[in-house]
Amino acid sequence: MIDIKGIKKSFGALQVLKGIDLHIDRGEVVSIVGPSGAGKTTLLQIIGTLDKADSGSVAVDGIDTGGLSTKKLAEFRNKHIGFVFQFHQLLPEFTALENVMIPAYIAGTSPKEAKKRASELLDFMGLDGRAHHKPNELSGGEKQRVAVARALVNNPAVILADEPSGSLDTKNKAELHQLFFDLRDKLGQTFIIVTHDEQLARLTDRTIKMRDGMLEISGTEQQTALPAEEQKEGYAV
């Protein structure tokens, strides 16, 4: 469902990604882990079309995103990719329901259909009684669940989450993690999650380890090899 081939990315003289090859199936919940500076967020931004690779390709649902114009890319991102960030990024002047509806409006959905879809998602999140509350009236866990509903409103092919539970307490963190798997089981949703949370990583279908801009993956997929000195330290698959 997602095919990433030969992705390289540099910022000035610093090469952040050194040739990434990766395939993710529909309905997988995949975590990406590794030390700070490994390239995790840069990879996620490239998959999400928020940044461009220097070379290589990213295809989502069979569509090569590198071949899209700026306008088409924005449309593709709105309809096919949902984002959840560490901090909810909700607009404070709008209610939870209105925040969830915004991507649907951008996609051209009618107000009636956008409201119906947003209400259904908030109900699924257990937030039907909080739909008309603004972000400053919601708890941290509630805000993140609203952010997840917003990411889902256009029924995207994939949800990309960058440290989604990093700002939550233990209880809300566990509830958010369970929500991801409930969504996968009930809606067939695909998730790619960048995280430092070891508990979440252990729960996912597959954990992808990054180090120095390269991947190390458990299983049968072959990825760019790690340097010999790191292989000796036990990092290689």
For Phe83, which of Gln89, Gln45, Arg150, Arg77 qualifies under side chain to side chain contact (heavy atoms under 4.5 Å, CB included)? Arg77
The single option from Leu43, Thr42, Leu14 that satisfies side chain to side chain contact (heavy atoms under 4.5 Å, CB included) with Lys9 is Thr42
Shortest non-hydrogen contact from [X] to [Y]?
X: Asp64; Y: Val58; value: OD1-O, 3.5 Å
X: Leu138; Y: Ala96; value: CD1-CB, 4.3 Å
X: Leu122; Y: Ala131; value: CD1-CB, 3.9 Å
X: Val153; Y: Ala104; value: CG1-N, 3.9 Å
X: Val84; Y: Pro164; value: CG1-CB, 4.0 Å
X: Thr109; Y: Ala114; value: CG2-N, 3.6 Å

Do [X] and [Y] make a side-chain contact, defined as non-hydrogen atoms from C-beta onward lying under 4.5 Å apart?
X: Leu22; Y: Ile2; value: no
X: Met1; Y: Val158; value: yes
X: Phe180; Y: Ile159; value: no
X: Leu97; Y: His132; value: yes
X: Leu160; Y: Phe85; value: no
X: Lys8; Y: Lys18; value: no
X: Lys52; Y: Ile46; value: no
X: His196; Y: Lys40; value: yes

Can we say Arg26 and Asp61 salt-bridge, meaning some charged N sits less than 4.0 Å from an Asp/Glu carboxylate O? yes
Run the salt-bridge test on Glu28 and Arg206 with the 4.0 Å N-O cut-off and return the result as yes or no. yes
As an exercise, state the distance from [atom1] of [X] to [atom2] of [Y], rounded to the nearest 0.5 Å.
X: Asp162; Y: Ile192; atom1: CG; atom2: CD1; result: 12.0 Å
X: Ile20; Y: Ile7; atom1: CD1; atom2: CD1; result: 8.5 Å
X: Ser55; Y: Lys5; atom1: OG; atom2: NZ; result: 14.0 Å
X: Ile32; Y: Ile208; atom1: CD1; atom2: CD1; result: 5.0 Å
X: Arg130; Y: Lys143; atom1: CZ; atom2: NZ; result: 10.5 Å

Could you point out which residue of Thr204, Thr195, Asp197 forms a side chain to side chain donor-acceptor pair (under 3.5 Å) with Ser31? Thr204
Main-chain N/O of [Y] paired to [X] side chain as donor or acceptor, under 3.5 Å:
X: Lys115; Y: Met101; result: no
X: Asn99; Y: Phe94; result: yes
X: Ser110; Y: Glu113; result: yes
X: Asp54; Y: Ser10; result: yes
X: Glu75; Y: Lys72; result: no
X: Asn78; Y: Pro103; result: yes

One pair to check against salt bridge (charged side-chain N to carboxylate O under 4.0 Å, His left out): Lys171 and Glu175. What are the steps and the verdict? CA-CA 6 Å; Lys171 178 178 180 295; Glu175 290 177 352; 2.7 Å; yes
What do you reckon, is CD of Glu137 surrounded by more than 12 foreign heavy atoms closer than 6.0 Å? yes
Indicate every side-chain donor-acceptor pair of residues 181-189 with a distance under 3.5 Å to a residue at least two apart or in another chain.
from   : atom 1 : to     : atom 2 : distance (Å)
Asp182 : OD1    : Gln178 : NE2    : 3.0
Arg184 : NH1    : Gly27  : O      : 3.3
Arg184 : NH1    : Asp205 : OD1    : 3.2
Arg184 : NH1    : Asp205 : OD2    : 2.5
Gln189 : NE2    : Pro156 : O      : 3.3

Between Phe124 and Val100, is there shared hydrophobic-cluster membership here, with clusters defined by ILVMFWY side-chain heavy atoms closer than 4.5 Å? yes
Glu120 vs Lys116, salt bridge (charged side-chain N to carboxylate O under 4.0 Å, His left out): CA-CA, chis, key distance, verdict: CA-CA 6 Å; Glu120 289 172 348; Lys116 180 176 182 290; 2.9 Å; yes
Residue pair Met214, Met210: steps toward the side chain to side chain contact (heavy atoms under 4.5 Å, CB included) verdict: CA-CA 6 Å; Met214 296 181 288; Met210 290 194 70; over 6 Å; no
